[in-house]
Structures are given as structure tokens and as C-alpha cells.
**Student:** 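Pasting a structure below so you can have a look.
Computation of the quantities below employed the complete heavy-atom set of this structure, encompassing side-chain atoms and omitting hydrogens, waters and symmetry-equivalent molecules. Just so we're clear, the structure is a prediction, and the values are computed from it rather than from any experiment. Counting starts at 1 for both ligands and their atoms, in listed order.
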Amino acid sequence: MTTDKRKIRLATAWLGGCSGCHMSFLDLDELLIELAGRVDLVYGPLVDAKQFPEEVDLTLVEGAVTNVDNLQLARIIRSNSRVVVGFGDCAVTGNVTSMRNRIPVRDLLTAVYRQARAPIGEEALKDLPALLQQALPLHQAIAVDVCLPGCPPSPERIAAVVTALLDGEPVALDAAMRTFG
Ligand code: SF4
């Protein structure tokens with residue numbers, strides 16, 4: 001990935017997840033300063049960009065694919081990114097987000113919104129992006145190049161994987177997991 005002098009175009013995306021993986025990314029602390037010298041952060045919750053850009057080198061995707069908006073964004077990410085990383089257990093396996101999969105969507109919406117203490121009206125419900133019948137791990141929606149597990153992945157594990165990818169080295173995830181637990 002480091003075949004020329006230009007900065008790597010890095011994106012992060014937040015699908016059906018709790019943002020904990022992004023919080024762990026922020027815990028990279030001083031490595032963020034080093035990263036800033038090597039990458040342009042072109043999309044994600046930390047960037048004021050409305051559309052996912054073209055020609056992205058590396059995209060970290062947090063969360064499962066759980067509604068139609070997630071699915072549309074995942075497909076755009078795949079077609080516009082050279083390397084896609086499933087970032088955290090929700091992206092890798094479905095994890096917490098997929099716990100709703102045993103409940104029919106209509107029953108789920110009733111329990112969460114219609115029977116809530118402050119119920120949401122049917123008109124407002126129509127404005128929500130439609131849930132897929134199942135929350136999918138990212139690889140069931142698009143091709144994924146690297147899986148970065150953890151709930152959330154530790155900053156050390158994120159650093160090991162992102163640094164390897166930026167350096168054009170193989171991702172030694174086993175080593176990262178052994179080293180950092
Ligand atoms: Fe949150 Fe864990 Fe899912 Fe990351 S993997 S989005 S920390 S629940």
C-alpha cells in the first residue's frame with residue numbers, strides 16, 4: 001500500500017454498531033499523530049463528509065449490515081475501496097447487533113417502538129431505514145479483505161493491523177492477538 005509518496009486515503013464507516021470500535025480507534029492516542037502524517041482521513045464519523053468518496057485505499061467498517069441504508073453504503077464502500085477491513089466483532093460475526101435475528105422484524109419494531117413508554121407513531125416509523133430480515137456480518141453483504149476481531153478490538157490490535165496494511169506487510173493478526181491479548 002506504500003508504493004508511492006502520496007498519503008493513503010483512509011476511511012472509516014459506522015454501520016450497525018455501538019461506536020465502541022471507533023472509540024477504540026481514538027484510543028490509538030499518539031499513534032494518531034503518526035497516522036496523520038501518513039493518511040488522509042476522507043470519510044467517517046470523525047470527518048464532515050456526506051458522501052463516501054471514490055478511490056479510497058483502506059476502509060475500516062464497524063458494525064453489522066442491519067438495514068437498507070447499511071447495505072447500500074457497504075456496497076458503495078466495496079466498489080470505491082481497495083482494501084476493506086471488517087472492524088470489530090459486529091462486522092466480523094454479527095455479534096451484538098445480530099442478537100435480534102431470532103425475532104421477526106415486525107415483533108421487534110413493536111417491542112422497541114410501538115410498546116415503548118413514549119411510543120413512536122406509524123408515520124415516524126416509516127421514516128426509519130427498513131431493517132433487513134437478518135443483521136448480517138459484513139462478509140455476507142460484500143467481499144471483505146481483512147477481519148479485525150474484538151469487541152472492541154484493542155487499540156494495540158488496531159495499530160498492529162493498520163500499520164501492517166499501511167506498510168504493505170502481511171497482517172499477522174495471530175501475532176497481534178498473542179502480543180496484545
Ligand atoms: Fe460495539 Fe463491540 Fe460491536 Fe464494536 S464490536 S460496534 S464495540 S458491540
**Student:** Is it possible for you to say whether L41 and L26 belong to one hydrophobic cluster, with membership spreading through side-chain heavy-atom contacts below 4.5 Å?
**Tutor:**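 Yes; L26 is reachable from L41 via cluster members.
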**Student:** So, T59 versus R78: side-chain donor-acceptor pair below 3.5 Å or not?
**Tutor:**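 The answer is no; no qualifying pair exists.
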**Student:** Which residues and atoms, protein N, O or S only, are under 2.8 Å from atom 4 (Fe) of ligand 1?
**Tutor:**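 As for protein N, O or S atoms lying under 2.8 Å from atom 4 (Fe) of ligand 1, they are C21 SG.
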**Student:** Could you work out the complete set of other residues in the hydrophobic cluster of V42, with links drawn between I, L, V, M, F, W and Y side chains under 4.5 Å apart?
**Tutor:**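 For the cluster that includes V42, the remaining residues are L15, Y43, F52, V56, V61, V65, V68, L71, L73, I76, I77, V84, L132, L136, L138, I142, V144.
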**Student:** Under the ring-ring contact (aromatic ring centres under 6.0 Å, His included) rule, what pairs show up with a residue in residues 138-164, not counting sequence neighbours?
**Tutor:**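 Sorted result for residues 138-164: empty, none.
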**Student:** How is the hydrophobic cluster of W14 composed, in terms of its other members, when Ile, Leu, Val, Met, Phe, Trp and Tyr link through side-chain heavy atoms under 4.5 Å apart, directly or indirectly?
**Tutor:**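 Same cluster as W14: nobody, lone residue.
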**Student:** Specify the closest pair of heavy atoms between P153 and C21, including all atoms of both residues, with the distance to one decimal.
**Tutor:**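 So the two residues come closest at CD-SG, 3.7 Å.
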